[in-house]
Amino acid sequence: MIKIFVVTHKEKPVLENDVLVPIQVGNGVAITENILRDNTLENIANKNSNYCELTASYWIWKNVKDAEYVGICHYRRYLNFYNDWYNLKPSAQKKITTEDFKKTKLFNTSSEELSKKISNILSEYDVILCRPYNFKDGSLTKNYCDDHRPEDWELIKKIILEKNPEYKDSITKFLDEGKKFHIGNMIVCSKQKFDDYHNWLFPILFELESRITIPEDSYQARIFGFISERLINFYMYHHNFKIKGIPSYKIIDL
């Protein structure tokens with residue numbers, strides 16, 4: 001069984017089926033009567049303004065027991081498993097209107113066919129991520145520090161080394177010098193790999209949270225979402241996973 005959870009906080013996702021399952025994050029009013037919520041069971045939904053889609057990741061990690069493969073995408077951004085424009089342009093994502101998105105093969109395929117397609121990919125690869133951007137200048141470290149507080153980034157690297165000293169060379173290779181950036185915290189993999197990653201990630205983020213003051217600015221307050229976007233790259237490359245990077249659709253009129 002494959003379950004890819006479509007994270008939303010604002011409105012009902014454009015695409016949902018037996019594989020793509022909407023999940024509403026945070027403690028706001030329910031979007032629809034029966035939508036899955038990440039504020040049920042074991043959860044950190046109250047941290048959503050700082051952890052973004054990771055509150056859904058936490059919920060999946062702790063509460064989903066019946067899926068062999070799991071994943072995350074966003075209500076405005078979907079992984080394009082069919083790659084119908086993959087070789088036509090170098091972009092990691094294609095901006096598209098809702099009307100045009102509804103004409104794509106992804107939108108019009110059956111759940112059964114979609115499940116088979118994803119299973120075929122994961123029979124050859126360990127993990128599916130967004131097709132990466134490649135920095136011509138700079139690195140993941142520079143990219144983060146240019147847009148956010150550098151001291152938080154230096155502290156997260158320190159915490160990683162405190163907990164996992166064997167990651168030292170990978171911090172240099174994949175963060176300070178790394179030029180590939182798979183955006184969005186979007187991932188599909190086995191539930192076991194998903195659990196292993198989040199079992200590593202959340203203690204690091206919680207430790208960082210205990211040592212800093214969260215920014216007051218609402219954008220910068222999304223600190224743990226921004227940091228984890230870089231750490232998902234770091235973790236997958238450190239473990240030498242075979243990564244399938246595929247493009248995504250970004251729906252621009254939502």
Side-chain angles (χ1 to χ4, degrees), residues 2 4-7 20 51-54 56-58 60-61 69-83 85-87 89-96 106 117-118 121-122 124-148 153 156-157 160 167 170-191 193-202 204-205 222-251:
I2 299 173
I4 300 174
F5 294 87
V6 185
V7 180
L20 295 161
Y51 280 75
C52 308
E53 62 277 340
L54 288 185
S57 297
Y58 185 96
I60 297 163
W61 170 40
Y69 298 101
V70 296
I72 285 233
C73 67
H74 306 163
Y75 77 103
R76 292 194 303 175
R77 187 180 284 125
Y78 288 83
L79 290 162
N80 176 17
F81 300 99
Y82 293 96
N83 297 345
W85 52 276
Y86 184 85
N87 294 316
K89 56 176 67 178
S91 176
Q93 66 177 355
K94 181 176 183 177
K95 295 180 180 179
I96 193 170
L106 176 64
K117 177 67 175 178
I118 297 169
I121 295 173
L122 290 173
E124 299 182 36
Y125 293 87
D126 295 309
V127 60
I128 300 170
L129 301 176
C130 285
R131 186 180 179 186
Y133 290 95
N134 289 284
F135 299 125
K136 294 181 180 179
D137 300 306
S139 63
L140 278 174
T141 288
K142 183 179 185 302
N143 173 262
Y144 186 87
C145 293
D146 283 348
D147 294 331
H148 310 286
W153 187 250
I156 199 71
K157 292 193 293 182
I160 291 170
Y167 282 62
S170 289
I171 286 178
T172 300
K173 184 176 181 179
F174 300 123
L175 293 180
D176 295 340
E177 298 175 357
K179 295 184 179 296
K180 289 186 177 181
F181 185 19
H182 303 266
I183 66 168
N185 281 319
M186 293 168 63
I187 180 174
V188 183
C189 61
S190 70
K191 181 59 163 57
K193 283 186 171 61
F194 189 92
D195 289 353
D196 290 344
Y197 167 58
H198 290 94
N199 190 55
W200 172 86
L201 176 68
F202 278 107
I204 291 169
L205 296 181
R222 293 154 58 183
I223 174 174
F224 307 107
F226 291 136
I227 285 177
S228 61
E229 272 193 287
R230 280 78 178 176
L231 294 189
I232 195 171
N233 293 261
F234 168 72
Y235 180 90
M236 301 303 163
Y237 282 104
H238 171 81
H239 286 278
N240 200 31
F241 288 152
K242 191 175 182 183
I243 299 169
K244 177 67 171 178
I246 65 175
S248 62
Y249 290 115
K250 183 178 182 180
I251 304 173

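Computed from heavy atoms alone, side chains included, the values below leave out hydrogens, waters and symmetry copies. For clarity, every value in this text was computed on a predicted model and none was experimentally measured.
Although no hydrogens or angles enter the test, the distance criterion places a donor-acceptor pair under 3.5 Å between the side chain of Thr141 and the main chain of Leu175. Checking side-chain atoms of His74 against main-chain N and O of Gly184 turns up a donor-acceptor pair under 3.5 Å.
Under a 4.0 Å N-O distance rule, the pair Lys179/Asp137 does not qualify as a salt bridge.
Under the rule for a salt bridge (charged side-chain N to carboxylate O under 4.0 Å, His left out), Lys250 has no partner lying at least two apart in sequence or in another chain.
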Check the pair Asn185, Glu53 against side chain to side chain donor-acceptor pair (under 3.5 Å), reporting the backbone distance first and the verdict last. CA-CA 8 Å; Asn185 281 319; Glu53 62 277 340; 2.7 Å; yes
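Distance CD/Glu177 to CD1/Ile171: 12.0 Å, rounded to 0.5 Å. For the atom pair CD1 of Ile227 and OH of Tyr144, the computed distance is 3.5 Å after rounding to the nearest 0.5 Å. With rounding to the nearest 0.5 angstrom, the NE2 atom of His182 is 4.5 Å from the CD1 atom of Ile243. For the atom pair CG of Asp126 and SG of Cys189, the computed distance is 9.0 Å after rounding to the nearest 0.5 Å. For the atom pair Asn233 CG and Leu129 CG, the distance stands at 7.0 Å (nearest 0.5 Å).
In this structure the side chain of Cys73 reaches within 4.5 angstrom of the side chain of Tyr78, judged on heavy atoms.
When each of Phe241, Tyr235, Phe234, Tyr58 is paired with Tyr197, the ring-ring contact (aromatic ring centres under 6.0 Å, His included) condition holds for Tyr235 and for no other. For the pairing with Tyr167, the ring-ring contact (aromatic ring centres under 6.0 Å, His included) check across Phe174, Tyr237, Trp200 returns one residue only, Trp200.
Ring geometry for Phe202 versus Trp61: interplanar angle under 30°, hence parallel rather than tilted (30 to 60°).
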